[in-house]
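Computed from a predicted model, the values in this text were never measured in an experiment.
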Amino acid sequence: MDERLKVMLCYTGFQWLFLFYFYCLAGWCFESVFVSLKSRKWVNRGFMRGPFLPLYGTGAIMMLVVSMPFVDNIALTYFAGVVGATALEYVTGVAMESLFKMRYWDYTGRFMNYKGHICLRSSVAWGFFTIMMTRVIHRPIELLMFSMSEKLLHHLTVVLTIYVVADFTLSFKAALDLRDLMVRLMGMKEELLRMQKRLDVLIAFNNDEKEQKRLDREERRSTRLKDLTAGLEQGFAVIKDALLSRPSAYGESVREEIAELRGKFSLYLERETGYGSLLDFYKRDMIRNNPTMRSDEYESEFEELKEIVNDKADT
């Protein structure tokens with residue numbers, strides 16, 4: 001049996017955990033610096049708030065494990081890394097999108113990509129990185145780990161475990177809250193659209209064709225929350241002007257319906273002014289730290305939340 005394989009098979013649970021945290025930290029350093037240079041501003045990259053990227057740690061451990069049987073064969077090490085890392089990237093991407101309704105990376109548009117979760121260029125790079133990882137990068141890290149006393153390694157690993165679990169738990173909850181916020185925002189917009197359509201009917205009922213045509217040209221036909229709100233306010237203003245000029249323009253039952261719609265609209269205005277405050281620092285940082293993050297299912301809702309985050313950053 002190859003000596004390298006013997007050494008790796010003898011890793012203890014604490015040593016594997018230490019390596020996982022180390023590569024989570026190393027991955028965060030690499031990713032944050034890379035993205036910050038591209039963005040020309042500091043970006044604290046990743047799903048978590050702290051300096052750890054679990055995908056890199058998981059990927060590094062996976063590379064070490066899948067390459068174990070092939071430590072003396074560079075070609076098989078390469079292909080094992082390609083298959084293992086690509087599978088990990090795909091499963092992680094699908095799981096996160098299914099759970100959080102968000103894509104934290106997206107290869108759509110790249111050559112030979114599959115549903116935007118994986119692509120040929122990334123898979124090829126993972127293979128070369130596996131070779132570099134197992135034959136260059138990991139050995140000095142292994143020596144550093146072996147140079148530490150068992151007591152120090154245990155204490156350090158326990159402290160890191162407590163910190164990472166706490167941070168991951170809060171980040172996981174923030175991602176779920178962000179998903180729920182987008183769902184609520186979509187529901188709010190759907191209700192405003194229904195109110196808008198009913199208001200259009202009431203305006204048309206008054207046979208005010210000029211005002212109806214003017215309203216049809218407004219941006220309120222957009223599904224953006226601000227545009228929907230502005231369109232409804234204009235619609236209520238049109239009805240108010242009609243009632244002032246002709247008190248008999250609408251019957252009693254129609255007036256009651258208008259009053260009911262106005263009450264619902266006031267309630268939604270209160271929610272609109274409040275939903276932005278639900279973006280606490282965890283959710284705001286999650287959006288800022290992942291500039292390529294997007295949502296296929298809630299695209300417009302997420303874009304509006306991004307605007308709120310950017311506006312807060314500028315103030």
[atom1]/[X] to [atom2]/[Y] distance, rounded to the nearest 0.5 angstrom?
{"X": "Glu142", "Y": "Ile137", "atom1": "CD", "atom2": "CD1", "answer": "13.5 Å"}
{"X": "Tyr56", "Y": "Cys24", "atom1": "OH", "atom2": "SG", "answer": "11.5 Å"}
{"X": "Asn113", "Y": "Tyr107", "atom1": "CG", "atom2": "OH", "answer": "10.5 Å"}
{"X": "Met102", "Y": "Phe302", "atom1": "CE", "atom2": "CZ", "answer": "3.5 Å"}
{"X": "Arg198", "Y": "Glu260", "atom1": "CZ", "atom2": "CD", "answer": "10.5 Å"}
{"X": "Leu153", "Y": "Leu17", "atom1": "CG", "atom2": "CG", "answer": "9.0 Å"}

Can you tell if the side chain of [X] reaches within under 4.5 Å of the side chain of [Y], non-hydrogen atoms only?
{"X": "Met293", "Y": "Ile287", "answer": "yes"}
{"X": "Glu301", "Y": "Ser295", "answer": "no"}
{"X": "Val183", "Y": "Lys101", "answer": "no"}
{"X": "Pro51", "Y": "Leu25", "answer": "yes"}
{"X": "Glu304", "Y": "Tyr298", "answer": "no"}
{"X": "Leu185", "Y": "Leu181", "answer": "no"}
{"X": "Met145", "Y": "Phe22", "answer": "no"}
{"X": "Trp105", "Y": "Leu55", "answer": "yes"}

Members besides Tyr78 in its Ile/Leu/Val/Met/Phe/Trp/Tyr cluster (side-chain heavy atoms under 4.5 Å)
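Hydrophobic cluster check, Tyr78: joined to Ile74, Phe79, Val82, Phe111, Met112, Leu120, Val124, Phe128, Ile131.
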
Are [Y] and [X] linked, directly or through intermediate hydrophobic residues, by side-chain heavy-atom contacts shorter than 4.5 Å (ILVMFWY only)?
{"X": "Phe30", "Y": "Val33", "answer": "no"}
{"X": "Tyr114", "Y": "Val83", "answer": "no"}
{"X": "Met68", "Y": "Phe146", "answer": "yes"}
{"X": "Met133", "Y": "Leu19", "answer": "yes"}
{"X": "Phe20", "Y": "Val65", "answer": "yes"}

Test your reading of the model: is there a side-chain donor-acceptor pair from [X] to the backbone of [Y], 3.5 Å cut-off?
{"X": "Ser98", "Y": "Val94", "result": "no"}
{"X": "Ser122", "Y": "Ile118", "result": "no"}
{"X": "Gln196", "Y": "Leu193", "result": "no"}

Can you give me the closest heavy-atom contact between [X] and [Y], atom names plus distance?
{"X": "Ser300", "Y": "Lys189", "result": "OG-NZ, 3.1 Å"}
{"X": "Thr134", "Y": "Arg139", "result": "O-NE, 4.0 Å"}
{"X": "Ala175", "Y": "Tyr104", "result": "CB-OH, 3.8 Å"}
{"X": "Ser67", "Y": "Thr130", "result": "CB-CG2, 4.5 Å"}
{"X": "Met195", "Y": "Leu261", "result": "CE-O, 3.3 Å"}
{"X": "Asp167", "Y": "Gly50", "result": "OD2-N, 2.6 Å"}

Report the residues that fulfil salt bridge (Lys or Arg N to Asp or Glu O under 4.0 Å) with Arg135, sequence neighbours left out, ordered by chain and then residue number.
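Result, salt bridge (Lys or Arg N to Asp or Glu O under 4.0 Å) vs Arg135: none returned.
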
My understanding is that only residues two or more places apart in sequence, or in another chain, count here; which of them pass salt bridge (Lys or Arg N to Asp or Glu O under 4.0 Å) with Glu191?
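Glu191 satisfies salt bridge (Lys or Arg N to Asp or Glu O under 4.0 Å) with Arg194 once adjacent residues are dropped.
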
Whether the Thr108 and Lys115 side chains hold a donor-acceptor pair (N or O, under 3.5 Å, no angle test) is what I'd like checked.
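Side-chain D/A pair, Thr108 to Lys115: absent.
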
If we count only N and O atoms by modelled type, under 3.5 Å, do the side chains of Asn73 and Thr77 hold a donor and an acceptor together?
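Distance-only check fails for Asn73 and Thr77.
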
Using the ring pair (Phe, Tyr, Trp, His ring centres under 6.0 Å) definition, which of the options Phe52, Phe100, Phe172 pairs with Phe47?
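That would be Phe100.
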
Qualifying side-chain hydrogen bond (donor to acceptor under 3.5 Å, both in side chains) pairs with a residue from residues 145-162, counting only residues at least two apart or across chains:
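For residues 145-162: Tyr21-Thr161.
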
For Trp16 and Tyr11, I'd like to know if the aromatic rings sit close, meaning centre-to-centre distance below 6.0 Å.
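Yes, they do, as the ring centres are separated by less than 6.0 Å.
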
Regarding Asp180 and Arg184, does a basic nitrogen lie under 4.0 Å from an acidic carboxylate oxygen?
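Arg184 and Asp180: not salt-bridged.
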
Can you run down the salt bridge (charged side-chain N to carboxylate O under 4.0 Å, His left out) pairs that involve residues 87-100, sequence neighbours left out, and say none if there aren't any?
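Passing the test, one end in residues 87-100: Glu97-Arg103.
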
Is the number of heavy atoms from other residues, nucleotides or ligands under 6.0 Å of [X] [atom1] greater than 12?
{"X": "Met132", "atom1": "CE", "answer": "no"}
{"X": "Phe34", "atom1": "CZ", "answer": "no"}
{"X": "Glu303", "atom1": "CD", "answer": "yes"}

Name the orientation class of the two ring planes belonging to Tyr90 and His117 (parallel below 30°, tilted from 30 to 60°, perpendicular beyond 60°).
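Rings of Tyr90 and His117: perpendicular, as their planes differ by over 60°.
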
Under 30°, 30 to 60°, or over 60°: which ring-plane class applies to Trp126 and Phe129, parallel, tilted or perpendicular?
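Trp126 vs Phe129 ring planes: perpendicular.
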
Please list, chain by chain and in numerical order, all residues satisfying side-chain hydrogen bond (donor to acceptor under 3.5 Å, both in side chains) with Arg121, sequence neighbours excluded.
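By the side-chain hydrogen bond (donor to acceptor under 3.5 Å, both in side chains) rule, Arg121 matches no residue at all.
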
